[in-house]
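Take a look at the structure below.
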Amino acid sequence: MAGRLLKVSSVATAVVASSGFYLYNHKLDPNDISLVRFGRAAATTAVISYDYMTSLKHVEYGSEEYWALKSQLSDLFISFDVKPQGAASLAQVHKAVLHDGRTVAVKVQHPKVQTQSSKDIVVMEVLLNMVHWLFPDFAFMWLVEEAKKNMPVELDFLNEGRNAEKVAVMLAHFPWLKVPKIHWDLSTRRILTMDFAEGGQVNDRDYMRRHSINVNEISQNLGKMYSEMIFVHGFVHCDPHPGNVLVRRCPNTKKTEIVLLDHGLYQILLPDFRLSYCRLWQSLIKGDLNGIERYSRRLGAGDLYPLFACVLTARSWTSVNAGIGNTPVTHSEDVEIRSNAALYLPQISDLLNRVPRQMLLLLKTNDLLRGIETTLQTRAASSSFINMSRCCTRALARHKRSKAQSRARRLQITMSESLTLWQISLYELFLWVKGSTLGGWVGSLLSCLHYTH
């Protein structure tokens with residue numbers, strides 16, 4: 001009976017928590033609760049009224065009111081697809097064409113999100129308290145705290161637009177990364193208008209095969225992008241599920257591009273946290289157990305640092321001991337991790353309550369990225385660790401330079417950084433040669449020479 005109750009409670013909690021995470025109460029703006037009338041001259045304010053853009057859902061198709069609303073939309077768009085291109089828990093996206101011929105995506109917040117969210121948060125909190133009362137080892141109240149903190153941010157589409165512009169500038173040195181341009185004159189807190197971007201989802205191997213897109217290149221570039229966000233800048237896009245990461249071939253250059261969408265949820269990492277996280281990952285890649293313990297403890301894991309290392313990397317403790325950069329992922333290891341996960345649920349719950357709140361979204365991000373790599377069958381690739389090593393080296397060197405008191409010390413740090421980056425590039429070249437046809441020929445030649453002697 002207890003086991004059945006636990007199962008039901010856990011499922012109910014998961015469902016409500018997942019819903020509540022996206023829904024949070026926010027004070028309604030009285031100016032939004034009206035049918036806004038506008039003409040071309042008032043386009044910058046009228047079209048972006050909340051109820052106007054959602055009212056087509058509440059009038060009968062073909063009625064006089066329906067055609068009146070449609071005619072008002074035509075003042076702003078040559079065409080506006082009422083059927084959404086995609087829908088999620090917070091909003092849906094419509095395709096439209098402006099009068100200057102540009103195609104845009106109009107992201108419209110669902111009309112009942114604001115009012116319903118507070119109820120969902122309350123229900124989630126009650127269920128989590130019940131689960132904790134029945135099973136004291138399971139303490140997931142941090143889910144409520146995170147929902148309350150993140151929902152107002154995610155529901156502010158102007159904030160999403162600012163995030164999009166910030167990350168576009170921050171990662172402008174990646175020519176293959178595209179972030180849709182925001183149209184501020186057609187955007188409000190509940191409506192976001194941006195350039196329309198086409199492409200296949202990042203986990204769609206069939207799409208990539210049809211368009212001759214190299215899955216290894218995509219996986220490598222995705223790793224570069226996120227390593228840069230996490231380790232160098234501490235400004236992290238925390239919702240990289242496949243629907244938010246598109247891949248395509250540029251129609252002009254024919255080069256492969258990644259399109260990053262949905263910039264509502266970002267995590268800003270505090271400098272001390274980010275630097276400890278850098279050092280932890282360096283230790284994990286090399287198998288430095290003293291470093292793993294030291295920096296895991298700094299990040300709040302305490303004596304649960306072995307479990308923390310396994311949760312963070314989704315690797316077994318045996319692989320962590322050997323250095324995850326030196327041991328490829330195997331099917332048997334994945335089975336072992338899945339089998340043991342249920343045994344350590346109380347300890348995992350304790351761990352998640354210990355670590356800083358910043359870590360929670362990073363864990364979610366890591367899991368989403370690993371899921372993409374698994375689908376692309378690139379998870380065993382060493383390129384992700386090489387990218388992480390480069391970014392960690394740059395981030396730590398930049399921090400040391402900022403603390404250096406003399407020019408000579410800064411020069412010494414820069415030279416050390418350059419040497420380390422050169423060593424990483426040399427190792428990358430070695431791995432490329434080893435995996436190439438040339439590497440196979442050299443290996444065969446050496447085997448023949450060894451056999452003849």
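Please read these numbers as outputs of a predicted model, since none were measured by experiment.
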(Q) Ignoring hydrogens and geometry beyond distance, is a side-chain donor-acceptor pair present between S212 and R249 at under 3.5 Å? (A) no
For L270 and Q358, the nearest pair of non-hydrogen atoms, with its separation, is N-OE1, 2.7 Å
Go through the steps for R390 and S227 under the test side-chain hydrogen bond (donor to acceptor under 3.5 Å, both in side chains), then give the verdict. CA-CA 9 Å; R390 280 199 182 100; S227 293; over 6 Å; no
- prompt: Is there side-chain contact between K107 and I191, with heavy atoms separated by less than 4.5 Å?
  reply: no
CD1 of I413 to NE2 of H399, rounded to nearest 0.5 Å, is 9.5 Å
Distance col, row C391:SG vs H233:NE2, nearest 0.5 angstrom, shows 8.0 Å
**Asked** Is the shortest distance from a Lys or Arg side-chain nitrogen in D272 or R298 to a carboxylate oxygen in the other one below 4.0 Å?
**Response** no
Practice item. Kindly determine whether L352 and L363 satisfy side-chain contact (heavy atoms from CB on, under 4.5 Å), including the steps that lead there. Key: CA-CA 10 Å; L352 293 177; L363 290 173; 3.7 Å; yes
Under 3.5 Å donor-acceptor, H241 side chain and L369 backbone: no
Review point. NZ of K95: more than 12 outside heavy atoms within 6.0 angstrom?
Key: yes
Residues I337 and A314: closest non-hydrogen pair is CD1-O, 2.9 Å
Can you confirm whether the side chains of R294 and S276 place a donor and an acceptor under 3.5 Å from each other? no
_Side chain to side chain, L299 and V355, heavy atoms closer than 4.5 Å_ = no
More than 12 heavy atoms of other groups within 6.0 Å of R338 CZ: yes
Margin query: If you apply the rule side-chain contact (heavy atoms from CB on, under 4.5 Å), what do you find for S319 with E333, and how did you get there?
Written below: CA-CA 9 Å; S319 296; E333 184 181 12; 2.7 Å; yes
Minimal heavy-atom distance between D204 and Y207, with the atoms involved, is OD1-N, 3.0 Å
Considering only heavy atoms from C-beta outward, does the side chain of P356 approach that of F273 to under 4.5 Å? yes
The reported gap from CG in N214 to CE in M208 (rounded to nearest 0.5 angstrom) is 9.5 Å
*asked:* Keeping N244 on the side-chain end and D239 on the backbone end, is there a donor-acceptor pair under 3.5 Å?
replied: yes
Do D195 and H183 have a side chain donor and acceptor closer than 3.5 Å? yes
**OP:** Taking Y226 for its side chain and H237 for its backbone only, find out whether a donor-acceptor pair lies under 3.5 Å.
**Re:** yes
Tested for side chain to side chain contact (heavy atoms under 4.5 Å, CB included) against E160, the lone hit among L155, L192, I182 is L192
Q.
Pair R370, D367 - check salt bridge (Lys or Arg N to Asp or Glu O under 4.0 Å), show working.
A. CA-CA 5 Å; R370 269 194 294 267; D367 284 341; 2.8 Å; yes
Neighbour count >12 (heavy atoms, 6.0 Å) for atom CG, L419:
yes
Q) Between the main-chain N or O of A301 and the side-chain N or O of S296, is there a donor-acceptor pair closer than 3.5 Å? A) no
Salt bridge flag under 4.0 Å for residues E417 and R398: no
**Asked** Under 4.5 Å between any side-chain heavy atoms of I213 and I218, yes or no?
**Response** yes
Rounded to the nearest 0.5 Å, the CZ atom of R354 sits from the CE atom of M359 at a distance of 14.0 Å
CE of M124 to CG of L128, rounded to nearest 0.5 Å, is 6.0 Å
* Are side-chain heavy atoms of F235 and N163 found at a separation under 4.5 Å? -> yes
So, are E165 and K181 salt-bridged, with charged N and O less than 4.0 Å apart?
no
Check: Can you find a pair of side-chain heavy atoms, one from R297 and one from Y295, that are under 4.5 Å apart?
Finding: no
Q. Does D206 pair with R209 as a salt bridge, N-O distance under 4.0 Å?
A. yes
| said: Does the plane of the ring in H94 sit parallel, tilted or perpendicular to the ring in F80? Use 30° and 60° as the thresholds. | reply: parallel
Check your understanding: Does K83 come within less than 4.0 Å of D81, counting only side-chain N to carboxylate O?
Key -> no
Residues P240 and I372: closest non-hydrogen pair is O-CD1, 3.3 Å
Donor-acceptor under 3.5 Å (H211 side chain, T256 main chain):
no
Determine yes or no for a side-chain-to-main-chain donor-acceptor pair under 3.5 angstrom, with N353 supplying the side chain and S349 the backbone.
yes
With sequence neighbours left out, the residues meeting ring-ring contact (aromatic ring centres under 6.0 Å, His included) with F174 are W176
When every non-hydrogen atom of P84 is compared with those of Q92, the smallest separation belongs to CB-CB, 4.0 Å
Item to complete: Using a 4.5 Å cut-off on heavy atoms from C-beta on, say whether the side chain of V104 contacts that of F77.
Response: yes
Distance col, row I258:CD1 vs E217:CD, nearest 0.5 angstrom, shows 8.0 Å
Checklist entry - Does D156 come within less than 4.0 Å of R190, counting only side-chain N to carboxylate O? => result no
Can you check side-chain contact (heavy atoms from CB on, under 4.5 Å) on D350 and L304, steps first, answer last? CA-CA 9 Å; D350 185 18; L304 292 175; 3.8 Å; yes
Nearest heavy-atom approach of V320 to A309 is CG1-CB, 4.1 Å
Quick one, L361 with Y266, criterion side-chain contact (heavy atoms from CB on, under 4.5 Å). Give me CA distance, side-chain angles, the key distance, then yes/no.
CA-CA 9 Å; L361 283 178; Y266 272 74; over 6 Å; no
Distance-only check: which donor-acceptor pairs under 3.5 Å involve side-chain atoms of residues 277-284, not counting sequence neighbours?
residue : atom : partner : partner atom : Å
Y277    : OH   : W281    : NE1          : 3.1
Y277    : OH   : N366    : ND2          : 3.3
S283    : OG   : R279    : O            : 3.0

(request) Answer yes or no: is there a side-chain heavy-atom contact under 4.5 Å between V259 and V245? (result) no
* To do: Classify the side-chain pair R315/T327 by whether it contains a donor and acceptor separated by less than 3.5 Å.
  => yes
Can you confirm whether the side chains of D334 and H331 place a donor and an acceptor under 3.5 Å from each other? no
